[in-house]
Structure formats: structure tokens, C-alpha cells
K.L.:
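Attaching a single structure in C-alpha cells format; questions to follow.
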Amino acid sequence: MTTPTDFSRRQLMAALAGSAALAALPSRAFAQQPLPPLIKLVVGYSAGGPVDGAARLLAPALSQELGTQVIVDNRPGASGSLGGDAVAKAPPDGAMLFFGASPTITINPNVQRRMAFDPMKDLTPLAPLVDYTNVLVINNELPVRNVSELLAYAKARPGKVFYGSAGVGASNHLSGALLEKMTGVQMTHVPYKGSAPALADVMGGTVTMMFDIIATSKPFIQSGKVRALAVTSRQRNRMLPDVPTMIESGVPGYDVGGWFGLYGPARMDPALVARVNAAAQKMLAREDIAHRLREQGYDVWSGAAELLAAKGVSDRKLWASASKGIEAE
């Protein structure tokens with residue numbers, strides 16, 4: 001997996017230069033750009049899931065920095081695409097913004113034949129926000145203790161080990177599909193409208209396992225309601241230091257993660273883009289916000305709008321090959 005800064009040096013330097021120039025401008029430079037009295041921060045997944053949780057953590061702080069009310073508006077379905085489409089069709093006045101998860105921006109265009117909008121053409125990148133790592137969790141009653149035992153269990157029961165996801169094409173879907181391809185073990189994917197109901201069914205035993213964002217799974221891991229087998233990053237995660245990586249667990253080269261970014265409709269006024277980006281950077285620079293994000297297993301990813309745009313383009317190309325053969329309705 002590439003990290004949010006794995007671009008060409010020219011792209012990175014340009015984005016950092018833009019970010020520095022933006023930060024150097026006085027706040028009054030953006031004050032004249034009007035904002036609506038209420039901004040709907042659209043989340044394309046169900047309430048209670050990891051995307052929703054991060055959005056609800058950041059919405060009050062963004063409201064403070066913008067000086068206007070920001071509320072979360074859940075519009076789940078099609079792996080975030082329903083929410084993204086609503087924002088793409090909204091007036092570019094800032095009244096509706098999209099809390100975009102990377103799969104909606106970079107994976108869905110590769111797997112959804114009837115996707116109603118093109119994230120690269122119909123949305124305006126505003127600000128990068130966070131990046132994250134997934135953790136593989138299983139039903140606590142499953143008689144396995146590590147990834148090797150899980151694969152042996154699944155190999156002995158072809159197609160009878162079920163893994164849940166936030167939807168077809170979601171990053172946790174492709175995390176499971178990648179595990180199948182890399183190990184040759186046949187499992188069965190079960191898509192949900194968000195990670196929260198999928199995780200509930202892992203706890204209940206309806207599905208065997210899932211890859212979930214550490215932020216939402218950690219409390220259930222600690223309470224013993226699910227068992228963590230491995231994290232999907234190249235290095236161990238500081239929030240689960242005793243949980244090995246997939247690579248340590250015997251799956252060489254397995255390195256998968258994702259990110260969240262802030263988007264608006266296409267054709268937004270550059271001054272409005274600058275104002276929202278400046279507010280997002282100030283929000284993420286606050287130690288209280290950074291601390292709460294770290295507690296949930298996220299890493300702050302702050303910078304210019306161009307940084308988010310470049311990452312979207314590069315990851316879309318990356319997933320084009322990784323998602324080959326997967327198609328959503």
C-alpha cells in the first residue's frame with residue numbers, strides 16, 4: 001500500500017508549497033467568503049461505523065473553525081457512492097460537503113458499473129483529513145488463534161468462511177479479496193451497508209470475520225467480543241501493539257490501508273475552497289483533535305487540497321489492478 005505521501009517529489013513539493021502559502025495568509029483573507037448558516041457533512045455509510053465515527057469527531061471542531069454549524073448527514077449505500085452522488089449534485093455553495101472515504105473515491109469507479117458520478121470530475125477536493133489501518137477480527141467462538149490457523153480452517157471448508165464488509169468494493173471487502181488471492185484460500189464475501197452492521201454480525205456469529213478500522217473494533221477487542229488476529233499495515237499499530245501484522249503472520253507483501261478526505265461539489269469558488277481548507281488545517285493542528293484521532297487509531301493527514309487530489313488519482317490507478325474481476329451492481 002502506498003502512504004498518503006507516496007507521490008512524485010514534484011507533486012509533494014507543490015502540495016506542501018500550497019499548504020505553506022495557505023497557512024501564511026491571515027484568517028481575514030478568507031473571512032469575506034460567505035458560508036451558509038448550516039453545512040451538512042454527508043457520510044456515505046451508516047451511523048455507528050468508522051467513517052461516521054470520525055466524521056462526528058471532527059464535525060464540531062470544523063464548525064468552530066468555520067464559524068458556522070456543521071452537522072453529520074448519513075446517506076448510506078453503494079459503498080459510499082449514494083452520499084457522494086448527493087454532494088456531486090448539490091449547489092457548489094458549501095452547504096453540503098462530503099466526508100469521503102478512500103474506497104468511494106478510488107475503488108468504486110473501478111468496480112461499480114453504474115456509478116452515478118465520477119469523483120474526479122464531479123467533486124472538488126478540499127482537504128485531506130486522516131489515514132488508517134485495518135485489523136482482521138474474527139468471531140470469538142471460532143477455534144483459531146492466528147492467521148495461519150484461520151487459513152487452515154478456511155481451506156478445510158472452501159467457501160464456508162464468511163467475511164463481512166461495508167459493501168462491495170469497500171476497502172475491507174478488497175482486503176478480504178486480496179487475502180483470498182494471495183493465499184489461494186476460498187472464502188465468501190457478505191456485503192453490508194456499512195461496517196457497523198457487519199461487525200455486529202461478526203460478534204453474533206452470522207459471519208466469521210471481517211477487516212475493520214481499528215477505531216471501531218478496538219473496544220470490542222478489549223472487551224473480548226471479537227478476537228484480533230492481525231493488522232494490515234507493514235508495521236504494527238501503536239493502538240494494538242501486541243497484534244502482529246499480516247506480513248508477520250505469514251502473508252508476505254500484505255499491506256493495505258485507507259484515508260478520509262473532505263470534498264465539495266464541482267466548480268466550487270477557489271476562495272471557498274481555500275477557506276474550508278484553512279479551517280481543516282487549523283482543526284487538525286489542534287492537539288486535542290490530534291490526540292482523539294490517535295486514540296481511535298487514526299493518523300492526522302493534513303495539507304493542501306492538491307495533496308488530496310493527487311492521492312485520489314494515484315490510489316485510483318493502484319486499485320484498478322487490485323480490484324480486477326470484482327464488480328458491484
Side-chain angles (χ1 to χ4, degrees), residues 33-47 49 51-52 54-56 58-59 62 66 68-130 166-171 173 191 193-194 258-277 279-280 304-317 319-320 323 327-329:
Q33 177 61 38
L35 286 172
L38 174 67
I39 294 175
K40 291 184 178 180
L41 185 60
V42 175
V43 173
Y45 297 89
S46 57
V51 186
D52 175 75
R56 291 183 187 277
L58 295 176
L62 185 61
L66 286 173
T68 193
Q69 187 178 8
V70 179
I71 63 169
V72 173
D73 181 2
N74 295 91
R75 303 196 182 198
S79 297
S81 288
L82 293 185
D85 185 47
V87 174
K89 289 179 170 57
D93 57 3
M96 187 177 285
L97 302 179
F98 185 47
F99 193 87
S102 53
T104 307
I105 307 299
T106 65
I107 297 175
N108 289 6
N110 291 311
V111 301
Q112 293 184 358
R113 180 183 296 179
R114 299 178 182 87
M115 192 168 181
F117 75 105
D118 185 338
M120 301 304 168
K121 298 178 180 178
D122 301 325
L123 294 176
T124 298
L126 301 177
L129 297 172
V130 300
V168 175
S171 64
H173 169 206
K193 289 186 176 181
W259 43 267
F260 302 150
L262 191 61
Y263 294 82
R267 299 176 299 280
M268 283 185 68
D269 188 320
L272 182 55
V273 174
R275 181 172 181 183
V276 174
N277 181 273
E306 291 81 5
L307 189 64
L308 177 61
K311 181 59 174 169
V313 171
S314 65
D315 272 16
R316 183 164 170 172
K317 292 179 180 178
W319 286 117
S323 62
E327 182 177 306
E329 292 297 327

K.L.:
Specify the closest pair of heavy atoms between Pro125 and Ala305, including all atoms of both residues, with the distance to one decimal.
P.N.:
O-CB, 3.4 Å
K.L.:
If a pair satisfies side chain to side chain donor-acceptor pair (under 3.5 Å) and one of its residues is in residues 116-129, list it, with sequence neighbours excluded.
P.N.:
Asp118-Arg316
K.L.:
With a 4.5 Å heavy-atom cut-off, do Leu66 and Leu35 have their side chains touching?
P.N.:
yes
K.L.:
Please list all pairs meeting ring-ring contact (aromatic ring centres under 6.0 Å, His included) that have one or both residues in residues 70-89, counting only residues at least two apart or in different chains.
P.N.:
none
K.L.:
Does some side-chain heavy atom of Tyr45 sit less than 4.5 Å from a side-chain heavy atom of Lys193?
P.N.:
no
K.L.:
Tell me, with the steps shown, if Asn74 and Arg56 meet side chain to side chain contact (heavy atoms under 4.5 Å, CB included).
P.N.:
CA-CA 11 Å; Asn74 295 91; Arg56 291 183 187 277; 2.8 Å; yes
K.L.:
Taking Leu126 as the fixed residue, which of Asn277, Val273, Leu272 is the one that meets the side-chain contact (heavy atoms from CB on, under 4.5 Å) rule?
P.N.:
Val273
K.L.:
Output side-chain donor-acceptor pairs under 3.5 Å for residues 86-100, partner residues at least two apart or in another chain, one line each.
P.N.:
residue, atom, partner, partner atom, Å
Lys89, NZ, Asp85, OD1, 2.4
Lys89, NZ, Asp85, OD2, 3.2
Asp93, OD1, Ala95, N, 3.0

K.L.:
Checking side-chain contact (heavy atoms from CB on, under 4.5 Å) between Tyr263 and each of Leu123, Val276, Val42, which is the one that passes?
P.N.:
Leu123
K.L.:
Quick one: does Thr104's side chain have a donor or acceptor within less than 3.5 Å of a partner on Ser81's backbone?
P.N.:
no
K.L.:
Atom CD in Gln112, atom OG in Ser79: separation rounded to 0.5 Å?
P.N.:
5.5 Å
K.L.:
Can you tell me how far CG of Asp73 sits from CG of Leu41, rounded to the nearest 0.5 angstrom?
P.N.:
9.0 Å
K.L.:
Please report the shortest heavy-atom distance between Ala280 and Ala127, naming the atom on each side.
P.N.:
CB-CB, 3.6 Å
K.L.:
Carefully, step by step, assess Phe260 and Val51 under the rule side chain to side chain contact (heavy atoms under 4.5 Å, CB included).
P.N.:
CA-CA 8 Å; Phe260 302 150; Val51 186; 3.9 Å; yes
K.L.:
Mind running side chain to side chain contact (heavy atoms under 4.5 Å, CB included) on Asp52 and Val72 for me, showing each step along the way?
P.N.:
CA-CA 8 Å; Asp52 175 75; Val72 173; 3.8 Å; yes
K.L.:
With rounding to the nearest 0.5 angstrom, report the OG to CD1 distance, Ser102 to Ile107.
P.N.:
6.0 Å
K.L.:
Looking at every non-hydrogen atom in both residues, tell me the closest pair between Ala55 and Val43 and how far apart they are.
P.N.:
CB-CG2, 3.5 Å
K.L.:
Got a donor-acceptor contact below 3.5 angstrom from the Ser171 side chain to the Gly258 backbone?
P.N.:
no
K.L.:
Look up atom CD in Gln69 and atom CG in Leu38, then write down how far apart they are to the nearest 0.5 Å.
P.N.:
5.0 Å
K.L.:
Report the distance from atom CD1 of Ile105 to atom CG of Asp315, rounding to the nearest 0.5 Å.
P.N.:
11.0 Å
K.L.:
How many angstroms lie between CG in Leu62 and CG in Leu262, if you round to the nearest 0.5 Å?
P.N.:
6.5 Å
K.L.:
Indicate yes or no for a side-chain donor-acceptor contact from Thr106 to the backbone of Gly312 under 3.5 Å, with no hydrogens or angles considered.
P.N.:
no
